[in-house]
Amino acid sequence: MSSDKKEKKAKGPASEEQIFMEKIVSLCKRRGFVFPSSEIYGGLKSCYDYGPLGVELKRNVKNEWWRAMVHSREDVVGIDASIIMSPEVWRASGHLSSFSDPLVDCRDCKVRGRADHWPKADPGSEVEYKVVVDHQSGKKETRKSKVSELGIVCPECGSPNHSDIRSFNLMFRTSIGSVDPIDAIVKRIEGKGLSGKELKQAVVEAVEETAVYLRPETAQAMFVNFANVQGAARIKPPFGIAQQGKSFRNEVTVEHFTYRSCEFEQMEMEFFVPPKEHCEPGERTPNEWFEYWCQQRHDWYAKLGIRKEKLRLRPHAKDELAHYAKENGACQDVEYEYPWGWGELEGIANRTDYDLKAHEQASGKKLSYFDPQRNVHYHPYVIEPAAGADRAALAFLLDAYTEEAPSETRKDGRVLLKLHPRLAPIKVAVLPLVKKDGMPERARKVMDAFVSQSINAFYDEKDAVGRRYARQDEAGTPYCLTVDGQTSEDGTVTIRERDSMKQDRIKVEEAVAVVQRRLAE
RNA sequence: GCGGGUGUAGCUCAGUGGUAGAGCGCGACCUUGCCAAGGUCGAAGUCGAGGGUUCGAGCCCCUUCACCCGCUCCA
């Protein structure tokens, strides 16, 4: 509105959601959960570093996932594959083909599309087209322009004014080999007087000789290792292969702090099951396994403390299904209600036998399974729960963030992270009530007991004890042990629970066991 | 990619062309007896970066980077 200009410029955040996110981002930096990457050089778009508390949180998330998906079941094994894989993998999976998609944007109506799909027109000829000049009224204006040498016009408005062609750069391309690929490129093109088109072709060929790609998903490693793992682990369908690791994608838009980033960590499991026609009576069909995993994964988040009303399962509509799930497949997202709305935490897909067949065809290697009991060969269907470690860590953090209003005993109120104890970066803080009468020395001994058991503990003797409790609340530490005057008399300390602030007295020598027991609950 | 906004200490922010500031936090010491008490001292800033205008720029202009919001896009 025009009156806005006269008013004082709006300061600060516009919405509650924005205020909330700013508080989280600020807390993350102040307490060492997440820093902007390369911050002293001005940061780098969408890259973030996990600090001392953040790395603990994320590791705990990954450990809980591995525990639930691998160690606490017999039918899933893990792998840790190379981030750089053969380019053939990406050709077979379909990821590489998007590199050759020549994208153009219409300068008039802003539509984006593939140049080879746009309507043709004679280069140099003049065409007439209509452009919407006022979006509110829908008023159009007729314009004339010349068609470029590419000979294409916009499919929407007919305008020949378009941006340069750009390849959609989904994957991070690099090169392997100690010879600089630029030398090879120069060698191919120098002094040949190539036209623009020939030049591009020559460069592409030179680049492709040594090009490799950072994986855009971890899943393909499980497919290409299907036969290796199946044989080595002596395991048969239904069984799963799990993996955690970094993946890289040039996202069109990066947004919402660590939510969508070009470098991210995945926690994926490919669960190979017999196709329906080979299922015995009473055995789960692929669709039933799909439903099973949807429920499992939804419940995993709930068990680790995400509020149920902030969690939901959302089936994909037919038209948003991925290529690998088009036929007989299905996708369902576990979603969390982020401050900016519902968004994906994890996608569970029935990828059918698409991937194994695609790699079998491309590699020429057999990727079917022979079931000796049923005496059949088949390509297993794949049910894939694919989670984001960074997204999960963010969701746990957002969900745990709590502000309590001031009360009689706490006139400043408090900020606390109600993290599940097993996710909390610091498990226990050890505090002498005051810094005298031998309390620090006795507290040090308690601290040593935790350190020797590899339980992440934190010792703090600075400032009043209330302030130290507050600091721990803000870091999400579930338990505080306080050494006080009574400790020297009867060998007990107080244990304070973060959310209730209630205190019990326990024996010093039982402190480690008490905390361990509570963490195991 | 387009449009809008923001960028000053670790955090939140004040500073409309003339000496770089506040609160909180952080560190040391004193004090302290269970939920962010007080005192003393201290460290901390390329005012996002680069260029320009000016006698002089945190402030004006240009460029750029990063973040936020909306659109667009999204195997």
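Each chain gets a letter, A, B and so on, in the order its sequence line appears, and its residues count up from 1. Just so it is clear, the structure is predicted and the values come from calculations on it, not from any experiment.
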Exercise for the section: Could you work out the separation of B:A57 and B:U16 based on their C1' atoms and round it to a whole Å? Expected result: 12 Å
Completion exercise
Regarding the side chain of A:His95, the nearest nucleotide among B:U32, B:G33, B:A75 is B:A75
Completion exercise
Between CD of A:Glu255 and P of B:U72 the distance, given in whole Å, is 12 Å
Problem - A:Lys29 side chain near B:G10 phosphate (N/O to OP1/OP2, under 4.0 Å) - result: no
Practice task
Measure the shortest side-chain to side-chain distance between A:Glu56 and A:Ile426 over non-hydrogen atoms and say whether it is less than 4.5 angstrom.
Solution key: no
Handout entry: B:C69 phosphate, OP1 or OP2, under 4.0 Å from A:His256 side-chain N/O
Key = yes
Practice task
Answer with base, sugar-phosphate or nothing: what part of the nucleic acid does A:Tyr41 contact at a heavy-atom distance below 4.0 Å?
Solution key: nothing
Handout entry: Check against side-chain contact (heavy atoms from CB on, under 4.5 Å), A:Ser247 and A:Ile83
Key = CA-CA 7 Å; A:Ser247 292; A:Ile83 286 175; over 6 Å; no
Exercise for the section: Return the nucleotide paired to B:G7: Watson-Crick means purine N1 to pyrimidine N3 with N6-O4 or O6-N4, wobble means G-U with N1-O2 and O6-N3, both under 3.5 Å. Expected result: B:C65
Exercise for the section: Answer yes or no: is there an ion pair linking A:Glu268 with A:Arg297, defined by an N-O contact shorter than 4.0 Å? Expected result: no
Fill in the blank from the handout: Applying salt bridge (charged side-chain N to carboxylate O under 4.0 Å, His left out) to A:Asp463 and not counting sequence neighbours gives A:Arg471
Problem - The single option from A:Arg498, A:Arg468, A:Arg30 passing salt bridge (Lys or Arg N to Asp or Glu O under 4.0 Å) against A:Glu474 - result: A:Arg30
Handout entry: Salt bridge present between A:Asp460 and A:Arg467 (N-O < 4.0 angstrom)
Key = no
Exercise for the section: In whole angstrom, give me the gap between the P atoms of B:A43 and B:G5. Expected result: 40 Å
Practice task
Write down the distance between CZ (A:Phe33) and P (B:G10), rounded to a whole number of angstrom.
Solution key: 20 Å
Practice task
May I have the distance from A:Arg260 (atom CZ) to B:C68 (atom C1'), rounded to whole angstrom?
Solution key: 16 Å
Practice task
Describe the nucleic acid contact of A:Leu416 in one word from base, sugar-phosphate, nothing, applying a heavy-atom distance below 4.0 Å.
Solution key: nothing
Exercise for the section: Could you work out which one of B:U32, B:G27, B:C67 sits closest to the side chain of A:Lys462? Expected result: B:G27
Practice task
Looking at every strand, decide which applies to A:Met439 at a 4.0 Å heavy-atom threshold: base, sugar-phosphate, or nothing.
Solution key: base
Fill in the blank from the handout: Paired to B:A36 by Watson-Crick or G-U wobble criteria (both distances under 3.5 Å) is none
Exercise for the section: Please state the C1' separation for the pair B:A9 and B:A44 - nearest whole angstrom. Expected result: 6 Å
Practice task
Give one of base, sugar-phosphate or nothing for A:Thr487, where a contact means two heavy atoms less than 4.0 Å apart.
Solution key: nothing
Practice task
Can you check each nucleotide of nucleotides 34-42 of chain B against protein heavy atoms at under 4.0 Å and return B for base, S for sugar-phosphate only, - for none, in 5' to 3' order?
Solution key: BBBB-----
Fill in the blank from the handout: Across every strand shown, the nucleotide meeting Watson-Crick or G-U wobble geometry with B:C47 (both distances under 3.5 Å) is none
Problem - Between B:A75 (C1') and A:Asp333 (CG): distance, integer Å - result: 13 Å
Problem - Ion pair A:Asp504/A:Arg518, N-O distance below 4.0 Å - result: yes
Completion exercise
Separation between CG (A:Leu419) and CG (A:Leu57), nearest 0.5 Å, reads 6.0 Å
Practice task
With a 3.5 angstrom cut-off on both distances, give the Watson-Crick or G-U wobble partner of B:C71, or none if there isn't one.
Solution key: B:G1
Problem - Identified pairing partner of B:C41, criterion: Watson-Crick or G-U wobble below 3.5 Å - result: B:G27
